[in-house]
Protein chains: 2
Amino acid sequence: MPAKRPPIPLSRERIIDAALHIADSQGLRRLTMRRLGDALQVEAMAIYHHLPRGKDALMDALAEHVTAVHVEPGGSWQESAKAWCRASRAALREHPGVLALALTKPPKGRTAIAIREQTDQLAEAGLGDAPGAVRALRAYVFGAVAVEVQQSGWAEAADDHDEPWRPPSKGGGSPGADADFELGLDALLVGLTRH
Amino acid sequence: MPAKRPPIPLSRERIIDAALHIADSQGLRRLTMRRLGDALQVEAMAIYHHLPRGKDALMDALAEHVTAVHVEPGGSWQESAKAWCRASRAALREHPGVLALALTKPPKGRTAIAIREQTDQLAEAGLGDAPGAVRALRAYVFGAVAVEVQQSGWAEAADDHDEPWRPPSKGGGSPGADADFELGLDALLVGLTRH
DNA sequence: ACCTGAACACCGTTCAAGT
DNA sequence: ACCTGAACACCGTTCAAGT
């Protein structure tokens, strides 16, 4: 008698992790309640007990997971902005499968909180139009990651459901893309300085 | 005997137009082969005759429609770049329902051609790293439109399938967003000038 | 409280058949 | 050549039922 039914109990966190894995390796279109159930060794219907709004709630949770980013407060507003942008880029790049959701769903829940928090940090560090700056920073990160992921060939790799997709480089950034990102970020911060 | 069966024959163009209308007014998730057939007064299966690869081909075509952008050559590279960015932004904003596809699908077909064409225009106008510049311009437009559409509340409006969503302003731009876009674009062009 | 099984309405796609 | 009808495998979600 080696195996009882659920070796570990289902939880919202385990569901989201499994969903991220499916979305990243096979694409959003193949993320299915039934497939997700299989991955969790559970019938699909069990998921509804932990995510009452079903697939919509799952999509919201996935977007939130890559989009609710926090950094330690302190330092100049430039340092705070840079840290937040780098962390946001890393979170988005880590899960290309849900990038479409992250760029498209309006901020809610923990994401909206994180945005307000970052806005407050920049304002307290002395920046004038903090809400406008955060919009500009989010736009910069979104655009940069979108073209990076397009260029990485993730979409094609996820379609051939052969071996799973590997990110372009180990530490989490091809050196050219990293340099471009930092250069553009510096330029953007200069632009924000003179309103 | 007022009505014969297909008042006008089906065509790839009519299919794509109807699909854009559904995606923009009800969201991508409700764009269905059967619903698309209904909108075209045709059985869903008739669509496969014009789009042999089915729904995948339809998605590719929708992304291409908002993403294959051309502008007249001529003028300085700054003028060419600005015109291309403005036209790209307008095309993306016009169809928020397929923005997720546009930001996420790697460029193919007419989109890839348009990108090469714009790269050549910038190079011929004397810009040094034209491919890098086009990447930066595409990233800028993608990010700007993503936050604009998020802010516009399109996603929520498309979910309540009540009255269809209306773009924020008539001419195609809320004045604040237009000004922000132009400001950021100017700053980016300055950044591209000094490599 | 947590999970299952059966059921329902809907989906993409195929294929043979109609015109 | 262009469209339909029936069929198949799959999907999201509900609900009563099990434990």
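Residue numbers begin at 1 in each chain, while the letters A, B, ... track the order of the sequences.
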dist A:Glu124:CD -> A:Thr119:OG1 (nearest 0.5 Å) comes out at 11.0 Å

Under the side chain to side chain donor-acceptor pair (under 3.5 Å) rule, collect the residues that match up with B:Asp38, sequence neighbours excluded. none

Whether over 12 other heavy atoms sit under 6.0 Å from A:Glu13 CD: no

What is the separation between atom [atom1] on [X] and atom [atom2] on [N], rounded to the nearest whole Å?
| X | N | atom1 | atom2 | value |
| --- | --- | --- | --- | --- |
| B:Arg30 | D:dG12 | CZ | C1' | 13 Å |
| A:Ile8 | C:dC2 | CD1 | P | 16 Å |
| A:Ile15 | C:dC3 | CD1 | C1' | 12 Å |
| B:Leu10 | D:dT4 | CG | P | 9 Å |
| A:Gln41 | C:dT4 | CD | C1' | 15 Å |

Test salt bridge (Lys or Arg N to Asp or Glu O under 4.0 Å) applied to [X] - qualifying residues, sequence neighbours left out:
| X | result |
| --- | --- |
| A:Arg110 | A:Glu64 |
| B:Glu182 | B:Arg86 |
| A:Arg116 | none |

Could you list by number each residue of residues 43-57 of chain A showing a heavy-atom separation from DNA chain D of less than 4.0 Å, or answer none if no residue does? A:Met45, A:Tyr48, A:Gly54, A:Lys55

Looking only at non-hydrogen atoms, find the nearest pair between A:Gly75 and A:Ala125 and report the distance. O-CB, 4.1 Å

Of all the heavy-atom pairs spanning B:Gly97 and B:Asp24, show the shortest one and how long it is. N-OD1, 2.9 Å

Just list the side-chain donor-acceptor pairs under 3.5 Å for residues 51-59 of chain B, sequence neighbours left out, or say none.
{"unit_1": "B:Arg53", "atom_1": "NH2", "unit_2": "B:Asp60", "atom_2": "OD2", "d": "3.0"}
{"unit_1": "B:Lys55", "atom_1": "NZ", "unit_2": "B:Leu31", "atom_2": "O", "d": "2.8"}
{"unit_1": "B:Asp56", "atom_1": "OD1", "unit_2": "A:Arg29", "atom_2": "NH1", "d": "2.9"}

State, with a plain yes or no, whether a side-chain heavy atom of A:Trp77 is found less than 4.5 Å away from one of A:Leu192. yes

Pairing of DNA chain C as dot-bracket, 5' to 3': ( ) intra-strand, [ ] crossing, | other strand, . unpaired, with Watson-Crick or G-U pairs under 3.5 Å? ||.|||||...|||||.||

Excluding sequence neighbours, so at least two apart, what forms side-chain contact (heavy atoms from CB on, under 4.5 Å) with B:Ser80? B:Gln118, B:Gln121, B:Leu122

Distance-only donor-acceptor hits, side chain of residues 127-147 of chain A, under 3.5 Å, sequence neighbours excluded:
{"unit_1": "A:Asp129", "atom_1": "OD1", "unit_2": "A:Gly132", "atom_2": "N", "d": "3.1"}
{"unit_1": "A:Arg138", "atom_1": "NH2", "unit_2": "B:Gln150", "atom_2": "OE1", "d": "2.8"}
{"unit_1": "A:Tyr140", "atom_1": "OH", "unit_2": "A:Phe181", "atom_2": "O", "d": "2.7"}
{"unit_1": "A:Tyr140", "atom_1": "OH", "unit_2": "A:Leu185", "atom_2": "N", "d": "3.2"}

Using the ring-ring contact (aromatic ring centres under 6.0 Å, His included) criterion, which residues pair with B:His50? Sequence neighbours excluded. none

Distances for protein N or O near nucleotides 16-18 of chain D N or O, under 3.5 Å:
none

Enumerate the protein-to-nucleotides 8-10 of chain D contacts in which both atoms are nitrogen or oxygen and the separation is below 3.5 Å.
none

